[in-house]
Amino acid sequence: MDMRAFDLPRYLSVLPLFTDLSAPELARLAQGCSLRRLTRGDPVFRVGQPCEEFHVTVTGQVKLFAISPAGQEKVIELVGPGNSFAEALMFTGRPYIINAQALTDTLLLSVSKQAVLTEIEHDSRFALRMLAGISRRLHGLVHDVQAYALHSGVQRVIGYLLRDQLAEDRVSGEMVTVSLPVSKATIASRLSLTPEYFSRVLHELEAAGLIEVDKRDIRIRDVASLAAYTGGQQAG
């Protein structure tokens, strides 16, 4: 992708936060944006750095994570194309409290705090859209905490594999392929599981005839049967 030819206002217009902005507003907001190319492993930000912008993954994948005092990594969220992060923290005036790193070659859009504040002053409805987006993120995190506390490890893995499947897909009987966007170890951390346990669950599901594993491609033989499976593994 030629960065010089990237149409920032047009891209902003398709993001949920900015869909109602007029062409002049989009052009003004674009002046407060920047684009960065990141290669795999490049940091986006680290704990303690000032937070003066929020970010959108245009292409690629970004990992949000924390490091425990013992040095263990906990993946908090995986942010794929079209999704934003760090909006809430930007308004607190505090530094970043987690880390962010590119998991693949990534094109990252950053929107400055000042550009956002200018649009809020211009139209208060923009603030409501920001709040709605932040609320959706919070709801998702609460849902994750509930899942980790109430669901077995098998259920967490199945839930992850079926996260993009609609109700009608679950009764179609057609084979569905899920391509893991990142390593199995990263997904395991996201699900609060050990990598070894995550692999054991995949082997269990494969032995049960529910899936076929081909490196990062997981072929679900029957979505409805996988959704109904309870399994026998203990959480790892």
Side-chain angles (χ1 to χ4, degrees), residues 3 6 8 11-12 15-18 29-121 126-127 129-149 181-195:
M3 301 261 291
F6 189 85
L8 259 177
Y11 180 76
L12 291 171
L15 296 177
L17 287 175
F18 310 129
L29 185 65
Q31 294 177 359
C33 297
S34 60
L35 282 169
R36 280 189 284 168
R37 282 197 183 280
L38 303 171
T39 58
R40 180 180 178 182
D42 284 349
V44 178
F45 53 74
R46 295 188 174 92
V47 170
Q49 291 181 333
C51 179
E52 295 296 331
E53 56 193 1
F54 78 92
H55 313 277
V56 180
T57 305
V58 180
T59 62
Q61 195 89 205
V62 172
K63 171 179 67 176
L64 307 184
F65 66 100
I67 301 293
S68 73
Q72 293 180 316
E73 178 183 293
K74 170 62 178 106
V75 177
I76 298 169
E77 193 168 5
L78 300 173
V79 188
N83 293 306
S84 57
F85 56 100
E87 307 99 305
L89 188 61
M90 181 184 71
F91 290 110
T92 67
R94 297 179 179 177
Y96 290 110
I97 57 175
I98 56 174
N99 306 285
Q101 180 185 48
L103 283 175
T104 62
D105 290 348
T106 297
L107 181 61
L108 188 76
L109 169 67
S110 298
V111 185
S112 73
K113 179 179 179 178
Q114 187 53 55
V116 171
L117 292 177
T118 297
E119 292 312 310
I120 289 175
E121 291 173 0
F126 183 72
R129 288 195 295 276
M130 293 288 295
L131 284 172
I134 292 169
S135 296
R136 283 193 297 271
R137 165 100 15 107
L138 178 60
H139 178 78
L141 293 174
V142 170
H143 179 271
D144 287 346
V145 172
Q146 290 175 330
Y148 300 156
V182 292
S183 70
K184 294 175 184 175
T186 299
I187 293 172
S189 178
R190 175 71 180 86
L191 299 176
S192 291
L193 303 171
T194 64

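Every heavy atom of this structure was used, including side-chain atoms; hydrogens, water molecules and symmetry mates were not.
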Next item on the list: Any chance you could measure F85, atom CZ, to L108, atom CG, to the nearest 0.5 Å?
Entry: 5.0 Å
Please tabulate, for the side chains in residues 41-53, all donor-acceptor contacts under 3.5 angstrom to protein atoms that are two or more places apart in sequence or on a different chain.
unit_1 : atom_1 : unit_2 : atom_2 : d
D42    : OD1    : T39    : OG1    : 3.3
D42    : OD2    : T39    : N      : 2.8
D42    : OD2    : T39    : OG1    : 2.9
Q49    : OE1    : R46    : N      : 3.0

Item checked: OG-CD distance between S189 and E73, expressed to the nearest 0.5 angstrom -> 5.5 Å
Next item on the list: Indicate the atoms forming the closest heavy-atom contact of L38 with A102, along with that distance.
Entry: CB-CB, 3.9 Å
Next item on the list: Might you point out which heavy atoms bring T104 and P181 nearest each other, and give the distance in Å?
Entry: CG2-O, 4.4 Å
Check: Do K74 and S68 come close enough that some side-chain heavy atom pair is under 4.5 Å?
Finding: no
Checklist line | Heavy-atom side-chain contact between L78 and K63 under 4.5 Å | finding: yes
Item checked: Residue pair L35 / F6: nearest heavy atoms and the distance that separates them -> CD1-CD2, 3.4 Å
Check: Rounded to the nearest 0.5 Å, how far apart are CG of L109 and OG1 of T59?
Finding: 11.0 Å
Check: Minimum heavy-atom separation for C33 to L12, with atom names?
Finding: SG-CD1, 4.1 Å
Notebook entry, point to check: CZ/R37 to CG/L107 distance, rounded to the nearest 0.5 angstrom?
Noted result: 5.5 Å
Item checked: Heavy-atom donor-acceptor pair, T57 side chain to G60 backbone, under 3.5 Å -> no
Next item on the list: For residues P95 and L89, report the shortest heavy-atom separation together with the two atoms involved.
Entry: O-CD2, 3.7 Å
Notebook entry, point to check: How long is the span from the CZ atom in F91 to the CG atom in L117, to the nearest 0.5 Å?
Noted result: 6.0 Å
Margin query: Rounded at 0.5 Å granularity, tell me how far OG in S84 sits from CZ in F18.
Written below: 7.5 Å
Check: Any side chain to side chain donor-acceptor pair (under 3.5 Å) pairs touching residues 91-100, not counting sequence neighbours?
Finding: H55-Y96
